[in-house]
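What follows is a single structure, written as structure tokens, with notes after it.
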Amino acid sequence: MSSGAGQVVCVTGASGYIASWLVKFLLERGYTVKATVRDPNDPRKVDHLLNLDGAKERLHLFKANLLEEGSFDSAVQGCHVVFHTASPFFNNAKDPQIELLDPAVKGTLNVLRSCVNSPTLKRVVLTSSFAAVGFSDRPKTPDVVVDETWYSDPEFCKRPGLWYVLSKTLAEDAAWKFVKENSIDMVTMNPALVIGPLLQPELNTSAAMVLNLVNGAPTFKNDCFRWVDVRDVAIAHILAYENASANGRYLLVERVVHYSDVVKILRDLYPTLQLPEKCEDDKPYVPVFKVSKEKAKSLGIEYTPLEVSLKETVESLKEKKFTKF
């Protein structure tokens, strides 16, 4: 596919899990990619990008820091679209403000400020998250369908200290306000928990959740999670730019299942593995709700089945020697 020939795009946080696949697919489509990373000289962050097909000819690395004003100016210059994926994702932050909230909110605004005066820019595609959609007091029972009109409630996130969820909620909210005031065309991607093969050498938070299960966790969480394949998320970003009619937010969720079902799928795939036998508590299982796929399907997204994504996550973790088997 060479639909991107002659077009220049920017990907922020390019060494990340989703972003690495995004860069790979953009290069395959013929785009020229200006990729921002915090340290272009760190081989663990950039070697997997520099080794991609087309990288020698069409990948340009830029040093940029989310909290440094103006540091995205040169990367954004001359671009037709900016894919802003850079945002920290981890649990157990010691200082949520400094580690999660500032990079997410201030970083997003810094990138958008660099976009304001760009005459070539057609659209910004922002990597948001289901975290900015489904966390509020609205009941999520099995008959409820969560769609793009739902927004997470910051106060709801603060109560139990869901700092990552809060960071994505505040960042997306700040972004919408900013682009409206500055007449920037923006589309947001709101993926569920992203799994699938890893291009980068370092373990990311969502793949670590699968690794924990296959590496001998004694119990599984009493929770239901939304899941989606990293490759589908990366392609969705590109489609959100290539489809002129794309607008607003897009929920990216292949399936909503309880953790017990994820364990069951893994057990069917790997019968000899020591997988957790029991739930972490004796309470009734958290109910599974529905998530609308209509809008994402209108972009032309075809989801990879969860079974395939889980298998390829485990195989990738094995190949990178993260597993104990």
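The basis for the numbers below is simple: all heavy atoms, side chains too, and nothing from hydrogens, waters or symmetry mates.
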Just jot down the side chain to side chain contact (heavy atoms under 4.5 Å, CB included) partners of [X], sequence neighbours excluded, or say none.
X: Q274; answer: none
X: A174; answer: V105, L109
X: V257; answer: W227, R255, D261, V262, L306
X: D95; answer: Q97, I98, E99

Short side-chain to backbone donor-acceptor contact, [X] and [Y], under 3.5 Å:
X: R249; Y: E148; result: yes
X: S71; Y: N65; result: yes
X: S152; Y: A131; result: yes
X: R226; Y: C224; result: yes
X: N247; Y: S245; result: yes
X: K63; Y: T36; result: no
X: N222; Y: P284; result: yes

Any non-hydrogen side-chain atom of [X] less than 4.5 Å from a side-chain atom of [Y]?
X: V37; Y: V46; value: yes
X: N190; Y: S129; value: no
X: L59; Y: V33; value: yes
X: V124; Y: V179; value: no
X: L275; Y: V214; value: yes
X: N182; Y: L112; value: no
X: T108; Y: S87; value: no
X: L26; Y: I238; value: yes

Between atom [atom1] of [X] and atom [atom2] of [Y], what is the distance when rounded to the nearest 0.5 Å?
X: D47; Y: Q200; atom1: CG; atom2: CD; result: 13.5 Å
X: L299; Y: H237; atom1: CG; atom2: NE2; result: 11.0 Å
X: D102; Y: S167; atom1: CG; atom2: OG; result: 10.5 Å
X: T219; Y: K278; atom1: OG1; atom2: NZ; result: 7.0 Å
X: L252; Y: K295; atom1: CG; atom2: NZ; result: 10.5 Å
X: D39; Y: R44; atom1: CG; atom2: CZ; result: 13.0 Å

Name each donor-acceptor pair under 3.5 Å that joins a side chain in residues 9-23 to protein atoms two or more places apart or in another chain, with its distance.
{"residue": "T12", "atom": "OG1", "partner": "H84", "partner atom": "ND1", "Å": "2.7"}
{"residue": "T12", "atom": "OG1", "partner": "T85", "partner atom": "N", "Å": "3.0"}
{"residue": "T12", "atom": "OG1", "partner": "A86", "partner atom": "N", "Å": "3.1"}
{"residue": "Y17", "atom": "OH", "partner": "I195", "partner atom": "O", "Å": "3.4"}
{"residue": "Y17", "atom": "OH", "partner": "G196", "partner atom": "N", "Å": "3.0"}
{"residue": "Y17", "atom": "OH", "partner": "G196", "partner atom": "O", "Å": "2.6"}
{"residue": "S20", "atom": "OG", "partner": "A14", "partner atom": "O", "Å": "3.4"}
{"residue": "S20", "atom": "OG", "partner": "S15", "partner atom": "O", "Å": "3.3"}
{"residue": "S20", "atom": "OG", "partner": "G16", "partner atom": "O", "Å": "2.6"}
{"residue": "S20", "atom": "OG", "partner": "H48", "partner atom": "NE2", "Å": "2.9"}
{"residue": "W21", "atom": "NE1", "partner": "P197", "partner atom": "O", "Å": "3.0"}

Heavy atoms only: give me the nearest [X]-[Y] pair and the separation to one decimal.
X: I301; Y: A236; result: CD1-CB, 3.4 Å
X: V145; Y: V291; result: CG1-C, 4.2 Å
X: P88; Y: A104; result: CD-N, 4.4 Å
X: F322; Y: P201; result: CZ-O, 3.4 Å

Item to complete: Evaluate side chain to side chain contact (heavy atoms under 4.5 Å, CB included) for N110 paired with E68, printing each intermediate quantity in order.
Response: CA-CA 8 Å; N110 262 342; E68 226 167 90; 5.6 Å; no
Discussion item. Test side chain to side chain contact (heavy atoms under 4.5 Å, CB included) on N204 and L198; report intermediate values, then the result.
Written reply: CA-CA 9 Å; N204 56 292; L198 294 74; 3.4 Å; yes
Worksheet item: Among the clusters formed by ILVMFWY side chains lying less than 4.5 Å apart, do V263 and V286 turn up in the same one?
Response: no
Response to the item:
The complete set of ring pair (Phe, Tyr, Trp, His ring centres under 6.0 Å) pairs with one or both residues in residues 147-188, sequence neighbours excluded, reads F89-Y164
Worksheet item: Which residue pairs pass the ring pair (Phe, Tyr, Trp, His ring centres under 6.0 Å) test when at least one of the two sits in residues 249-307, sequence neighbours left out?
Response: F225-Y259, H258-Y285
Where at least one partner belongs to [range], residue pairs that pass salt bridge (Lys or Arg N to Asp or Glu O under 4.0 Å), sequence neighbours excluded:
range: residues 108-123; value: R123-D185
range: residues 124-138; value: D137-R159
range: residues 262-276; value: K264-D268, R267-E277

Are more than 12 heavy atoms from other residues, nucleotides or ligands located less than 6.0 Å from atom [atom1] of [X]?
X: D143; atom1: CG; answer: yes
X: E57; atom1: CD; answer: yes
X: D53; atom1: CG; answer: no

Charged N to carboxylate O under 4.0 angstrom, [X] versus [Y]?
X: E69; Y: K106; answer: no
X: K311; Y: E307; answer: no
X: E315; Y: K318; answer: yes

Practice prompt. Dump the intermediate steps for side chain to side chain contact (heavy atoms under 4.5 Å, CB included) on E202 and K45, then the final yes or no.
Written response: CA-CA 8 Å; E202 292 170 322; K45 295 292 186 192; 2.9 Å; yes
Which pairs would a plain distance check flag for residues 75-82, meaning a side-chain donor or acceptor within less than 3.5 Å of a matching protein atom at least two apart in sequence or in another chain?
{"residue": "H80", "atom": "ND1", "partner": "V8", "partner atom": "N", "Å": "3.0"}
{"residue": "H80", "atom": "ND1", "partner": "V8", "partner atom": "O", "Å": "3.4"}

Discussion item. Applying side chain to side chain contact (heavy atoms under 4.5 Å, CB included) to V194 and V228, what does each step give before you reach the verdict?
Written reply: CA-CA 5 Å; V194 182; V228 68; 4.0 Å; yes
Fill in: Cation-pi geometry met for K168 and F130 (6.0 Å, 45°)
no
Response to the item:
By salt bridge (Lys or Arg N to Asp or Glu O under 4.0 Å), K158 pairs with (sequence neighbours left out) E155
Discussion item. Could you tell me if D147 and S292 have a donor-acceptor pair between their side chains, going purely by distance under 3.5 Å?
Written reply: no
